[in-house]
K.L.:
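Supplied in structure tokens, the structure appears directly below.
Everything numeric here is computed off the predicted structure, so don't read it as measured data.
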Amino acid sequence: MSERARHAGSRLTGKTVLVTGAGRGIGAACACACADQGAWVLATDLDAGAAAGTARSIGPMALSRPLDVRVEDDWESVIAFLDESRGGPDVLVNNAGITGFDQGVAVQDPEHATLDGWRAVHDTNLDGVFLGCRAAIRSMRAHGRGGSIINMASRSGVVGIPRASAYASSKAAVRHHTKSVALYCAEEGLGIRCNAVQPAAIMTPMWDAMLGDGPDRAERERAIAKDTPLNRFGTTDEVAALVVYLASDESRYVTGAEFDIDGGMRAGSASPPGAAGD
């Protein structure tokens with residue numbers, strides 16, 4: 001029996017899940033995990049080929065569509081497809097995001113960052129989440145079933161990141177927009193929940209630009225992992241497991257919440273087992 005088959009279940013049976021940035025990393029893991037729990041999944045990505053690859057790996061319970069989360073017309077097209085074919089989405093996983101270092105190291109400190117670089121990060125990470133939440137709320141309201149919106153924030157949106165200021169700013173804004181969406185939907189009696197997942201030190205392709213692929217990559221990975229109390233990187237599957245919970249009816253009393261998945265980083269400083277602190 002395959003590993004995926006061993007973890008298959010029915011926690012999301014009957015739900016339609018839309019995942020952005022599903023071509024790789026956390027997005028691909030979320031798409032697969034939701035399908036493994038019985039959901040029908042629409043895998044979307046700016047890279048249409050990568051999204052198609054994720055859908056193929058899932059099988060008949062998934063399709064793919066290209067989606068540039070920065071573009072209103074793209075959102076309208078994807079939601080219209082789901083409205084017509086699936087009665088709209090039950091779950092939206094707003095995962096698509098960029099670090100600002102994706103195309104090579106770009107200056108992102110508050111003194112030297114360019115306005116174009118700043119805007120590029122916010123266009124995807126913040127505007128994309130805003131457009132996704134808006135589109136999902138409208139569709140979910142029209143179909144009257146409620147739903148769950150899950151926004152991918154970050155530890156970097158909770159603490160300052162001096163040399164990744166645009167990324168940190170965009171993720172902080174995602175945290176607060178999540179709360180606004182949650183409260184609005186509650187006030188409107190829509191039955192739509194909205195929560196934020198805040199990963200840190202999760203091994204995804206986003207780290208490639210910073211870690212490189214040379215012979216000393218493993219050493220750099222170990223150095224970064226030392227800042228994590230659990231002394232390792234997290235996995236995309238561990239993030240996806242949390243997303244499944246928030247997508248499921250098990251979390252029906254959870255909204256406007258933030259979920260850290262960071263190996264203990266926000267709990268305090270990393271320290272060797274048994275070490276005493278001042």
Side-chain angles (χ1 to χ4, degrees), residues 15-32 34-35 39-58 61-100 102-103 116-143 145 147-154 166-167 170-171 173-174 177-178 180-181 184-185 192 194 196-197 204-206 243 247:
K15 294 187 184 295
T16 295
V17 178
L18 167 59
V19 183
T20 70
R24 63 178 190 165
I26 290 173
C30 289
C32 291
C34 288
W40 187 93
V41 175
L42 185 64
T44 69
D45 203 289
L46 183 61
D47 184 339
T54 297
R56 281 195 302 270
S57 73
I58 292 171
M61 292 297 287
L63 287 176
S64 69
R65 287 288 186 277
L67 172 62
D68 184 338
V69 297
R70 303 166 295 182
V71 178
E72 289 183 83
D73 287 347
D74 276 20
W75 275 107
E76 290 177 7
S77 176
V78 164
I79 293 297
F81 168 75
L82 289 178
D83 284 340
E84 294 166 8
S85 63
R86 302 288 305 179
D90 297 291
V91 178
L92 168 63
V93 182
N94 264 324
N95 167 74
I98 62 173
T99 62
D102 307 70
Q103 304 301 320
D116 285 345
W118 174 271
R119 286 175 172 167
V121 173
H122 284 78
D123 282 351
T124 296
N125 295 1
L126 179 56
D127 293 357
V129 166
F130 157 70
L131 291 172
C133 289
R134 188 181 70 176
I137 292 168
R138 290 173 175 177
S139 177
M140 290 172 179
R141 180 196 284 271
H143 294 288
R145 297 194 307 270
S148 175
I149 299 172
I150 303 159
N151 294 330
M152 203 59 65
S154 171
Y167 182 75
S170 70
K171 291 300 186 177
V174 168
H177 191 60
T178 296
S180 296
V181 170
Y184 173 79
C185 291
I192 300 170
C194 187
V197 173
T204 72
M206 275 190 169
V243 167

K.L.:
Please check if the side chain of S57 supplies one atom and the backbone of T54 the other of a donor-acceptor pair under 3.5 Å.
P.N.:
yes
K.L.:
I need the C194 SG to I137 CD1 distance, nearest 0.5 Å.
P.N.:
7.0 Å
K.L.:
Roughly how far, to the nearest 0.5 Å, is the OG atom of S170 from the CZ atom of R119?
P.N.:
15.0 Å
K.L.:
Would you say the side-chain atoms of W40 pair up with the backbone N or O of K15, donor to acceptor, closer than 3.5 Å?
P.N.:
no
K.L.:
Can you give me the closest heavy-atom contact between C133 and I149, atom names plus distance?
P.N.:
SG-CG2, 3.9 Å
K.L.:
Under 4.5 Å between any side-chain heavy atoms of V93 and V17, yes or no?
P.N.:
yes
K.L.:
Just so I know, are the side chains of L42 and V78 near enough to count as touching, which here means a heavy-atom distance under 4.5 Å?
P.N.:
yes
K.L.:
Contact between C30 and I26 at the side-chain level, heavy atoms closer than 4.5 Å - yes or no?
P.N.:
yes
K.L.:
Donor-acceptor pair, K171 side chain versus M152 backbone, under 3.5 Å?
P.N.:
yes
K.L.:
Which pair of non-hydrogen atoms, one from I79 and one from A135, has the smallest distance, and what is that distance?
P.N.:
CG1-CB, 3.8 Å
K.L.:
If you take all heavy atoms of V174 and N125, which pair is closest and at what distance?
P.N.:
CG2-O, 3.3 Å
K.L.:
Looking at every heavy atom in both A96 and G21, which two are closest together, and how far apart are they?
P.N.:
CB-N, 3.7 Å
K.L.:
Side chains of V69 and D74, heavy atoms from C-beta outward: is any pair under 4.5 Å?
P.N.:
no
K.L.:
Can you tell if the side chain of S139 reaches within under 4.5 Å of the side chain of L82, non-hydrogen atoms only?
P.N.:
no
K.L.:
State which residues pass salt bridge (charged side-chain N to carboxylate O under 4.0 Å, His left out) with D68; sequence neighbours excluded, sorted by chain then number.
P.N.:
R70
K.L.:
Any donor and acceptor pair, going by atom type alone, linking the side chain of D45 with main-chain N or O of A51 inside 3.5 Å?
P.N.:
no
K.L.:
What's the shortest heavy-atom distance between A35 and V41, and which atoms?
P.N.:
N-CG2, 3.8 Å
K.L.:
Are the side chains of L67 and T20 in contact, using a 4.5 Å heavy-atom criterion?
P.N.:
yes
K.L.:
Which side-chain hydrogen bond (donor to acceptor under 3.5 Å, both in side chains) pairs, counting each pair once, include a residue from residues 85-95, with sequence neighbours left out?
P.N.:
T16-R86, D90-R145, N94-N151
K.L.:
Give the ring-plane orientation class for F130 versus H177, where under 30° counts as parallel, over 60° as perpendicular and anything between as tilted.
P.N.:
perpendicular
K.L.:
Is any side-chain heavy atom of I192 closer than 4.5 Å to a side-chain heavy atom of Y184?
P.N.:
no
K.L.:
What's the shortest heavy-atom distance between A28 and G23, and which atoms?
P.N.:
CB-C, 4.2 Å
K.L.:
Might you confirm whether atom CZ of R134 has over 12 heavy atoms from other residues, nucleotides or ligands at distances under 6.0 Å?
P.N.:
yes
K.L.:
Sequence neighbours left out, what passes ring pair (Phe, Tyr, Trp, His ring centres under 6.0 Å) with H122? Give chain and number order.
P.N.:
W118
K.L.:
To the nearest 0.5 Å, what is the distance between CD (E72) and CG (D127)?
P.N.:
9.5 Å
K.L.:
Looking at T44 and V19, would you say the former's side chain and the latter's main chain have a donor-acceptor pair under 3.5 Å?
P.N.:
yes
K.L.:
CE/M140 to SG/C185 distance, rounded to the nearest 0.5 angstrom?
P.N.:
8.5 Å
K.L.:
Between D47 and A50, is there a donor-acceptor pair closer than 3.5 Å when you use the side chain of the first and the backbone of the second?
P.N.:
yes
